[in-house]
Student: 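Dropping the structure in here first, questions after.
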There are 2 protein chains.
Amino acid sequence: MPSGQPSPPTTGGPPTSATANAVLGLLSFGRELSGYDLKKWADHSLQLFFWSPAMSQIYTELQRLESLGLVTSRLEEKADARPRRLYAITDDGRTWLSHWLASEPVDLPMLKNAMVLRVWLGDLMDPDTLTAMVREHRDRLQARLERTREDRRTITGWASMAHAEVVIRWAERYYAAEVENSDLLLEDLAALETPG
Amino acid sequence: MPSGQPSPPTTGGPPTSATANAVLGLLSFGRELSGYDLKKWADHSLQLFFWSPAMSQIYTELQRLESLGLVTSRLEEKADARPRRLYAITDDGRTWLSHWLASEPVDLPMLKNAMVLRVWLGDLMDPDTLTAMVREHRDRLQARLERTREDRRTITGWASMAHAEVVIRWAERYYAAEVENSDLLLEDLAALETPG
DNA sequence: CGTTGCATGTAAGGTGTTACATGATTAC
DNA sequence: GTAATCATGTAACACCTTACATGCAACG
């Protein structure tokens, strides 16, 4: 069989990766942002349901997106501040993103939970150490839940943030469920210790 | 300042990566398994809370683990069947894994949810397309929940699977919560459409 | 003046995927 | 017989992180 299309060529064509589209998505809300801004934003929004790319990757991604014409950049001109490079989405970028969102099949969520991995291998661990780890984990989830609630308060009612608000409500429920599930996990672990 | 330790050297030392330890963990239940077996197993256990590595990575990982002495392999000798290479964990492997589990800090769970990403960028999408995607996603979560329930029935009561059972119970609650959360997400999306 | 935060990048290397190559066995 | 599944691996490449390099601005 002749080779035909070497499948989505990736190189050359617009970005395949969800990360590139996530960065483009951050810019799609319409504001001009620096790489640094983008990272902070990502930590408070994307992080909740995706993950937050490293600074260096954001810069790399931005350069790639610019070379494809999906974003543009300019140097901010302010006399008293040091220069920053600000990025904005282009019409092409918006069109591309819109198309990608509707056409690309939605992957099942990918979850990498190192805590549950430990429980799964619990036979190899000291029960008290394991329990202490799960408790700490639970508390960190709780902290994240509270931070998410605060974030919601800050964005509630913002114009053109309707979908973002729906997502943050989703995230609140998600993390609340995680905390509850951790509590039940702790109960199950305790039950393992007390035979009968 | 002199460089000092170049931080965890990674190269040379035993595996840092959670993946290597997950594969080692699959073998820690004590059975001899082929790369192929491992993949199937991973799809029904690890997949629930971690993710399932590609076949090729499993083979690569096994070779690496063997070169470190954490697993051993032998060719299965059966006259009527084609040969398979079977892997087993070594005492060193068990010791290493045990140590890693207790000493390594537990990362926060990493979640990459392409569906929620789409909702987040919902302003760029046609509402009906978005809703249809969320519904399909919900149904796939439901299907996974049901498969998880079946898997639980098959392992319930198995010897030396106590922790695995705790984890599968966790996974059932997790996916049930995900389905419920998707339903609420659909309601929120519907509310966006009907102003007032 | 020293530390912290802002700000932008490069280099090297590990992690993980897809595509390719190959072939035996089993079920229809 | 032919399609699906079992079975093992290599090669190329995309993806992403860490470490490094650099320097300004603001605060105490």
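Naming: A, B, ... by sequence-line order, numbering from 1 per chain.
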Student: In terms of side-chain heavy atoms of A/Ser34, which of C/dT8, D/dG9, D/dT17 is nearest?
Tutor: C/dT8
Student: Over how many whole Å does the gap from B/Gln47 atom CD to C/dG16 atom P extend?
Tutor: 15 Å
Student: Are the side chains of A/Val119 and A/Met115 in touch, meaning some heavy atoms are under 4.5 Å apart?
Tutor: yes
Student: Need to verify one output field. Residue with the more 5' nearest nucleotide on DNA chain D, B/Gln63 or B/Asp37?
Tutor: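 Nearest nucleotide further toward 5': that of B/Asp37.
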Student: Counting side-chain heavy atoms from CB outward, which of C/dT8, D/dA7, C/dT15 is closest to A/Arg84?
Tutor: C/dT8
Student: Is it the case that the base of C/dT15 and the side chain of B/Thr19 share a donor-acceptor contact (distance under 3.5 Å, atom types as modelled)?
Tutor: no
Student: Among C/dG9, D/dG9, D/dT18, which nucleotide sits nearest the side chain of A/Ala54?
Tutor: D/dT18
Student: Please evaluate the base of D/dT8 for a donor-acceptor partner in the side chain of B/Ser56 within a cut-off of under 3.5 Å?
Tutor: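 No pair found.
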Student: Could you tell me how far apart B/Glu61 (CD) and D/dT10 (P) are, to the nearest whole angstrom?
Tutor: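 Atom-to-atom, B/Glu61 to D/dT10, this comes out as 14 Å.
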Student: Any side-chain N or O of B/Lys39 less than 4.0 Å from the OP1 or OP2 oxygen of D/dT5?
Tutor: no
Student: Given the rule in the salt bridge (charged side-chain N to carboxylate O under 4.0 Å, His left out) test, do B/Glu172 and B/Arg169 qualify, once you have shown the distances and angles that lead to the verdict?
Tutor: CA-CA 5 Å; B/Glu172 263 186 63; B/Arg169 285 157 57 79; over 6 Å; no
Student: When you get a sec, tell me which of D/dG9, D/dC16, D/dT18 is the closest nucleotide to the side chain of A/Gln57?
Tutor: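 Ranking D/dG9, D/dC16, D/dT18 by closest atom to the A/Gln57 side chain puts D/dC16 first.
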Student: Tell me: CZ of A/Arg64 to P of D/dC16, nearest whole Å?
Tutor: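 So the two atoms are 9 Å apart, to the nearest Å.
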Student: Once you round it to whole Å, what is the distance between P of C/dG9 and CG of A/Leu38?
Tutor: 13 Å
Student: For a quick test of reading the model, state the closest non-hydrogen atom pair linking A/Ser34 to A/Arg84 and the distance between them.
Tutor: OG-NH1, 3.5 Å
Student: Between atom CG in A/Leu86 and atom P in C/dC6, what is the gap in whole Å?
Tutor: 16 Å
Student: Within less than 4.0 Å of OP1 or OP2 of D/dC15, is there a side-chain N or O belonging to A/Trp51?
Tutor: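 A/Trp51 to D/dC15 OP1/OP2: no side-chain N or O under 4.0 Å.
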Student: Give the nucleotide from the list D/dT17, D/dC15, C/dA7 with an atom nearest to the side chain of A/Pro53.
Tutor: D/dT17
Student: Counting only side-chain nitrogens and oxygens, does B/Tyr59 get under 4.0 Å of the OP1 or OP2 atom of D/dT8?
Tutor: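 Yes, within the criterion.
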Student: Can you identify which nucleotide, out of D/dG9, D/dC16, C/dA7, has its nearest atom closest to the B/Arg85 side chain?
Tutor: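 Looking only at side-chain atoms, B/Arg85 lies closest to D/dG9.
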Student: Output, in order, the C-alpha distance, side-chain angles, deciding distance and verdict of ring pair (Phe, Tyr, Trp, His ring centres under 6.0 Å) for B/Phe29 and A/Trp120.
Tutor: CA-CA 10 Å; B/Phe29 290 95; A/Trp120 186 57; 5.2 Å; yes
Student: Atom CG of A/Asp43 and atom P of C/dC6: how far apart are they, to the nearest Å?
Tutor: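 These atoms are roughly 12 Å apart.
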Student: According to a strict under-4.0 Å criterion, is B/Lys112 in side-chain N/O contact with OP1 or OP2 of D/dC15?
Tutor: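 No, B/Lys112 has no side-chain N/O under 4.0 Å of OP1/OP2 on D/dC15.
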Student: Using atom CE of A/Met55 as one end and atom P of C/dG9 as the other, report the distance to the nearest whole Å.
Tutor: 10 Å
Student: With the side chain counted from C-beta on, respond yes when A/Trp96 and A/Leu68 share a heavy-atom pair under 4.5 Å apart, and no when they do not.
Tutor: no
Student: Rounding to a whole Å, what distance do you find between B/Leu75:CG and D/dT8:C1'?
Tutor: 11 Å
Student: Salt bridge or not between B/Asp139 and B/Arg135? Use side-chain N to carboxylate O under 4.0 Å.
Tutor: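 Between B/Arg135 and B/Asp139 there is no salt bridge, as every charged N stays at least 4.0 Å from the carboxylate O atoms.
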Student: Please determine, for the side chain of B/Tyr36, which listed nucleotide (D/dC16, C/dT8, D/dT8) has the closest atom?
Tutor: D/dT8
